[in-house]
Amino acid sequence: MAMDRQELAELLASMALLLELAGENTFKIRAYQGASRTIGKLTEDLDELYRSGKLETIKGIGRAIARHIAEYAETGTIEEYRQLKSTVAPSLLELVKIPGLGPKKAMAVHAALGVNSIGELEYACRENRLIALNGFGEKTQQAVLRGIEYMKKFQGSLLLAEAWPLAERVAAYLLEQDGLTAAQVAGEVRRRCPTVREIVVVVQADAAGLAALEGILTAMPGVEQVTSPETGCFAATLSVGISLLIRVAAVAEFPTALCLFTGNERHVAELIRLAGEQGWTLAGGRLVTADGKAVPVAAEADVYRKLGLDYPEPELREGQDEIALAARQRLPVLVQPGDLRGAFHMHTTYSDGTASLAAMGEAAATRGWSYIGITDHSRTAVYAGGLSLGQIQAQRQEIERLNANRPDCLILAGIESDILPDGSLDYPDDILAQFDFVIASVHSAFRQSAAEKTKRLKKAMQNRYVTMLGHPTGRILLAREEYPLDMPEIIQTAADTGTIIEINASPYRLDLDWTWCRVAREKGVLLSVNPDAHGVAELDSVVYGVAVARKGGLTAANLLNTRERPEMLTLLKRKR
DNA sequence: GCCGTTTTCGGCCCGACTGTTTTCAGTCG
């Protein structure tokens, strides 16, 4: 059986963290970190290297780590990892997740104060006990408290990319049970919200199915504490930490119930108000006329039709202007994943990606794309292996070779250039001019004021070689707040300068947020759904970016990478 | 733990930022 290169890389990285928490020497830790990176980015066949006994020819892999890899190849695990894990206090692994608390400080509070959990750490802060420790002070204690607050805020939420497949699994599981004849995901997941607090599934059940449901849920893997707050409704906590809500509908009521449990509160209130205007009631899975007759509803779209509305896609049902648009037959025709002709913003083994340039091109072609834009990191991003001037040349030459051999998917040579604190880029214009396109992104000096940051981004967009603005707000969902920014002014500048704004489709970012998409659209700003892929599989993140675009009411015409190749190439050059 | 030799140990990778410090350690990207 072939080795899972990514899993092995993660295993080695975990060993590095465990060694750090075990107080091992820095250089040993670095060796494991380096080996992890090397394995993650390896382009040669790892199994072949193992079979031929050549693991140690890889730079950064010596005798000890080669032995670990061999063990992994044979057994799928590494014994020393298991031992390390058993010697390091599990609470330390919890504590290092707090932003601002690294391994050293986590070890200090654990060793000196006996802190064994995040809760205990918070208590110790409130008791003012951290400031007594060496290297700690008032500000560090405050920072730790802020970090804890921040973590708490995100407890009970999952990324869409985690919640979506989970919700679909729950629905599929329920559908297999006797007496349950339909099950569909509703709520935040169906609306494709970037983060999800509650999974909602609407099931259609007969009387027997309803009676059995509590037992079915209790027996479901990953479910804790099932309650039934009202008839036809079951609530549970999932072991992943978010809640699950099951809404039961009778056969004739399923489509209406699905509608009522998909839209957000404002959307549904608006529907109920519209029904009320004609003396009807909309509740409990039924639409009832003034004289008490149930309006027949065979599908969700019928609910809207009976109320005089076009069908709004679930993503739009956020109680913005979608009802008004639906009433005037003015809903946008939302972009779909199949509309994409290619993608920009992806990394290769030249910087911090895990797949080679050739592999990314191959993967794009198998997805039916007719172009991709490679953007490795620029030289300021030393931590991410940013490209030197020499590497830029080498990469361009390789791209030209690949393009000569593979005309179906054109590879464009781009760069993700860092926007420096003063708004200039980290290559001079004559270098930038050599790229087919440039994505400009912020990766440093996050703590500027809103005014400084806005000025910084505006200056970058005013550079004629900056084709796109990358992840505009810098947020990491459930981990890092977006930095303060005058977003309307940023969007206006994009419009004025012809800069394309990225919808970063990484499920950890989804940045630009969907709420700004409509503003961009109204200003005539072109957007691009960019996977920000660091490996082949992450190219499929575009699905999440398309979800953002759809939620923001965008059509295929609002996006760059829905265009056929010639038009796309023209648009890339329009600032130059 | 890895590397590279001037063959058997000594050095190993970056820069900004912050906070706790009198000269540096820890964290982060």
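As the structure is a computational prediction, the values presented were derived from the model and not from experiment. The sequence lines fix the lettering, A, B, ..., with proteins before strands; numbering per chain opens at 1.
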Say you pick atom [atom1] in [N] and the same atom in [M]; how far apart are they, in whole Å?
N      : M      : atom1 : answer
B:dC2  : B:dC13 : C1'   : 14 Å
B:dT20 : B:dG26 : P     : 14 Å
B:dT6  : B:dG11 : P     : 16 Å
B:dC3  : B:dT8  : C1'   : 12 Å
B:dC14 : B:dC9  : P     : 27 Å
B:dC12 : B:dT5  : C1'   : 14 Å

Would [X] and [Y] pass as an ion pair if we require N to O under 4.0 Å?
X        : Y        : result
A:Glu48  : A:Arg51  : yes
A:Arg67  : A:Glu71  : no
A:Glu315 : A:Lys551 : no
A:Asp429 : A:Arg464 : no

What's the [atom1]-[atom2] distance between [X] and [N], to the nearest Å?
X        : N      : atom1 : atom2 : result
A:Gln142 : B:dT20 : CD    : C1'   : 16 Å
A:Lys105 : B:dA25 : NZ    : P     : 13 Å
A:Lys104 : B:dT21 : NZ    : P     : 17 Å
A:Arg63  : B:dG4  : CZ    : C1'   : 16 Å
A:Leu133 : B:dT20 : CG    : C1'   : 13 Å
A:Lys28  : B:dC3  : NZ    : C1'   : 17 Å
A:Asn134 : B:dT20 : CG    : C1'   : 10 Å

Notebook entry, point to check: Taking the nucleotide of DNA chain B with the closest heavy atom to each, which residue, A:Gly102 or A:Ala64, is nearer the 5' end?
Noted result: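 The answer here is A:Ala64.
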Check: For the residue pair A:Phe344 and A:Phe437, does the interplanar ring angle fall in the parallel (under 30°), tilted (30 to 60°) or perpendicular (over 60°) class?
Finding: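 The rings of A:Phe344 and A:Phe437 stand perpendicular, inter-plane angle above 60°.
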Check: Which of the following nucleotides, B:dG1, B:dT27, B:dG4, is nearest to the side chain of A:Tyr32?
Finding: B:dG1
Check: Under the ring pair (Phe, Tyr, Trp, His ring centres under 6.0 Å) rule, what pairs show up with a residue in residues 103-132 of chain A, not counting sequence neighbours?
Finding: none
Note to self: Under 3.5 Å for both donor-acceptor distances, Watson-Crick or wobble: does B:dT8 have a partner, and if so which one?
What the structure shows: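 Here B:dT8 is not engaged in any pair, so there is no nucleotide opposite it.
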Check: Within a radius of less than 6.0 Å around CZ of A:Arg63, do more than 12 heavy atoms belonging to other residues, nucleotides or ligands occur?
Finding: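 Counting neighbours around CZ of A:Arg63, 12 or fewer heavy atoms of other residues, nucleotides or ligands fall under 6.0 Å, so no.
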Next item on the list: With syn defined as a glycosidic angle within 90° of 0 and anti as everything else, classify B:dT8.
Entry: syn
Notebook entry, point to check: What do you reckon, are the aromatic ring centroids of A:Tyr465 and A:Phe435 less than 6.0 Å apart?
Noted result: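 For A:Tyr465 and A:Phe435, the ring centres are not under 6.0 Å apart.
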Check: Are A:His534 and A:His345 an aromatic pair by the rule of ring centers under 6.0 Å?
Finding: no
Notebook entry, point to check: Under 4.0 Å: is that the gap between some side-chain N or O of A:Lys59 and OP1 or OP2 of B:dG4?
Noted result: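 Checking B:dG4 against A:Lys59, a side-chain N or O does come within under 4.0 Å of OP1 or OP2.
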Next item on the list: Would you mind telling me which of A:Asp511, A:Leu158, A:Leu159 makes a side-chain contact (heavy atoms from CB on, under 4.5 Å) with A:Leu477?
Entry: A:Leu159
Next item on the list: Would you jot down, in residue-number order, the residues of residues 72-98 of chain A having a non-hydrogen atom under 4.0 Å from DNA chain B?
Entry: none
Next item on the list: Go along nucleotides 6-19 of chain B 5' to 3' and tag each nucleotide: B for a protein heavy atom under 4.0 Å from its base, S when only backbone or sugar atoms are that close, - otherwise.
Entry: ------BBS---SS
Notebook entry, point to check: Which part of the nucleic acid, if any, lies within contact of A:Ile58, taking any heavy atom under 4.0 Å across all strands shown: a base, the sugar-phosphate backbone alone, or nothing?
Noted result: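 Sugar-phosphate contact only.
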Note to self: For a quick check of understanding: with a heavy-atom distance under 4.0 Å over all strands, which category does A:Ile61 fall into, base, sugar-phosphate or nothing?
What the structure shows: sugar-phosphate
